[in-house]
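These notes concern the structure reproduced below.
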2 protein chains.
Amino acid sequence: MKKVYQNGVEATLDVIGGKWKPMIICHLAVQPLRTGDLRRAIPGITQKVLTDQLRDLINDGIINRIVLVNTAPCKVEYQLTSYGTSLGDVLMQMSIWGEQRVANLNQDGQDIQLLNGHEGFSKIQGGSSVS
Amino acid sequence: MKKVYQNGVEATLDVIGGKWKPMIICHLAVQPLRTGDLRRAIPGITQKVLTDQLRDLINDGIINRIVLVNTAPCKVEYQLTSYGTSLGDVLMQMSIWGEQRVANLNQDGQDIQLLNGHEGFSKIQGGSSVS
DNA sequence: CTGAATCCGATGCGATACTG
DNA sequence: CAGTATCGCATCGGATTCAG
């Protein structure tokens with residue numbers, strides 16, 4: 001089927017729009033991880049949702065699925081592709097803007113919690129070291 | 001109810017994640033527009049969806065709703081707030097990345113159409129003039 | 001330990017028709 | 001012309017269960 005995007009933003013959201021995808025990318029940016037590691041690193045995610053979103057990211061070329069064959073229990077590892085690292089700047093910008101927004105809202109009396117800062121995304125590629 | 005975000009990216013997606021919101025912001029970045037104008041500027045959007053997403057953007061402080069009182073048929077106009085303009089850089093980055101992605105996919109034999117480039121977002125604030 | 005299968009509720013988006 | 005109300009559908013994310 002032929003896709004039509006209004007603009008590049010839609011195309012980007014197709015890739016990172018999933019609820020947990022930014023977190024997954026963030027963790028894999030530091031080092032390759034196995035599914036068990038990811039589940040522990042991302043509290044609240046379920047088995048299905050994790051594998052669903054991992055599959056999406058694989059199909060979009062953001063991560064690689066690597067089967068380690070010479071191990072006793074067959075192990076599976078996921079790692080960011082070089083294409084995946086190109087998302088670093090975008091995620092960084094989005095994370096920073098979102099943090100400022102949360103800060104604003106909380107000043108206006110709302111009670112919003114932000115579990116992780118943007119430092120995680122700075123690990124990707126050169127990691128444009130923003131304060 | 002208390003909200004909890006994993007990271008800033010989620011908070012940002014809450015604001016611009018709607019299917020048409022980037023387009024709406026893009027058009028309002030150039031000049032204030034009335035609903036009829038927006039419907040004509042955004043082919044495919046329906047009345048309901050447009051007003052739904054406009055209301056969301058108002059509640060999030062991205063746009064202002066201005067009722068022009070001294071006109072024969074009561075007119076309503078929408079304009080970007082200064083807070084809304086702060087989204088400029090983020091949308092720009094996302095649009096550029098998405099455009100490159102579409103280009104890559106089309107080179108791989110897919111047939112994806114991209115209606116608008118990132119130029120529209122350059123109108124926001126200083127409009128960090130990227131090529 | 002990895003991950004596939006099934007069921008299900010919430011929600012976003014859309015079509016249509018109606019009010020001021 | 002601006003906005004609302006109702007209905008419907010598709011998609012996403014989540015709980016649970018089963019298999020290699």
Side-chain angles (χ1 to χ4, degrees), chain A residues 1 3-7 9-25 27-28 32-60 63-79, chain B residues 1 3-7 9-10 12-24 27-28 32-60 63-79:
Chain A
M1 117 202 171
K3 269 190 192 172
V4 176
Y5 290 121
Q6 308 266 335
N7 49 59
V9 178
E10 279 188 9
T12 302
L13 289 177
D14 250 19
V15 176
I16 62 169
K19 178 169 179 184
W20 307 92
K21 288 177 188 172
M23 281 311 293
I24 294 173
I25 295 172
H27 284 294
L28 293 184
L33 291 174
R34 305 185 43 217
T35 42
D37 301 326
L38 284 171
R39 288 212 315 182
R40 257 168 274 118
I42 307 177
I45 197 170
T46 26
Q47 180 70 39
K48 170 187 176 274
V49 176
L50 176 58
T51 53
D52 280 355
Q53 311 231 341
L54 283 173
R55 199 186 348 252
D56 285 346
L57 291 172
I58 293 168
N59 290 334
D60 289 335
I63 64 176
N64 276 327
R65 182 179 197 269
I66 296 169
V67 183
L68 306 169
V69 277
N70 352 334
T71 58
C74 277
K75 294 185 177 181
V76 181
E77 204 175 67
Y78 298 92
Q79 72 174 194
Chain B
M1 115 201 172
K3 267 189 192 173
V4 176
Y5 290 120
Q6 309 266 336
N7 50 56
V9 179
E10 279 187 10
T12 302
L13 288 178
D14 251 18
V15 177
I16 61 168
K19 178 168 179 184
W20 307 93
K21 287 177 188 173
M23 279 312 291
I24 294 174
H27 283 293
L28 292 184
L33 290 174
R34 304 185 42 218
T35 40
D37 300 327
L38 284 171
R39 288 212 313 181
R40 256 168 275 118
I42 307 176
I45 197 171
T46 41
Q47 179 71 37
K48 169 185 176 281
V49 177
L50 176 58
T51 55
D52 280 353
Q53 311 231 340
L54 284 173
R55 198 185 351 250
D56 286 346
L57 291 173
I58 292 169
N59 291 334
D60 289 335
I63 63 176
N64 277 326
R65 182 180 196 268
I66 296 170
V67 183
L68 307 170
V69 276
N70 350 335
T71 57
C74 279
K75 293 185 177 180
V76 181
E77 204 176 70
Y78 297 92
Q79 71 175 194

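We name chains A, B, ... by the order of the sequence lines, and we start the count at 1 in each one. A quick note: this is a predicted structure, and the numbers were derived from the prediction, not measured.
Atom CD1 of Ile63(B) and atom CZ of Arg55(B) lie 11.0 Å apart (nearest 0.5 Å). Atom CG of Leu54(B) is separated from atom OH of Tyr78(B) by 5.0 Å, given to the nearest 0.5 angstrom. To the nearest 0.5 Å, the span separating NE2 on His27(B) from CG on Leu33(B) amounts to 8.0 Å. Atoms CG and NZ, from Leu13(B) and Lys19(A) in turn, are 12.0 Å apart once rounded to the nearest 0.5 Å.
Nucleic acid contact for Val76(A): sugar-phosphate only, since backbone atoms but no base atoms lie under 4.0 Å from a heavy atom of the residue. Counting non-hydrogen atoms under 4.0 angstrom, Arg39(B) reaches nothing in the nucleic acid.
Between the C1' atom of dA15(C) and the CG atom of Leu50(B) lies a distance of 15 Å, rounded to the nearest Å. The CZ atom of Arg40(A) sits 8 Å away from the P atom of dC1(C) (whole-angstrom rounding). Leu13(B) has its CG atom 11 Å from the P atom of dG13(D), to the nearest Å. What separates CZ of Arg55(B) from P of dC13(C) is a distance of 14 Å, to the nearest Å. The CD atom of Glu77(B) sits 14 Å away from the C1' atom of dA2(D) (whole-angstrom rounding). Atom CD in Gln6(A) sits about 12 Å away from atom P in dC13(C), given to the nearest Å. For the pair Gln47(A) CD and dA4(C) C1', the computed distance is 9 Å after rounding to whole Å. If you take CD1 of Ile45(A) and C1' of dA15(D), they are 14 Å apart, rounded to a whole angstrom.
Side-chain atoms of Thr46(B) lie closest to dA15(C) of the nucleotides dT2(C), dC13(C), dA15(C).
Considering all non-hydrogen atoms of both residues, Lys21(B) and Ile16(B) come closest at CB-O, 4.2 Å.
Under 4.0 angstrom from either OP1 or OP2 of dG14(D) there lies at least one side-chain N or O belonging to Trp20(A). Remark: Gln53(A) is not in phosphate contact with dC12(D), judged by side-chain N or O atoms under 4.0 Å from OP1 or OP2. At the phosphate of dT2(C), OP1 or OP2 sits under 4.0 Å from a side-chain N or O atom of Arg34(A). For dC1(D), neither phosphate oxygen OP1 nor OP2 lies less than 4.0 angstrom from any side-chain nitrogen or oxygen of Thr35(B).
Below the 3.5 angstrom threshold, one finds a donor paired with an acceptor across the side chain of Lys48(B) and the base of dG14(C).
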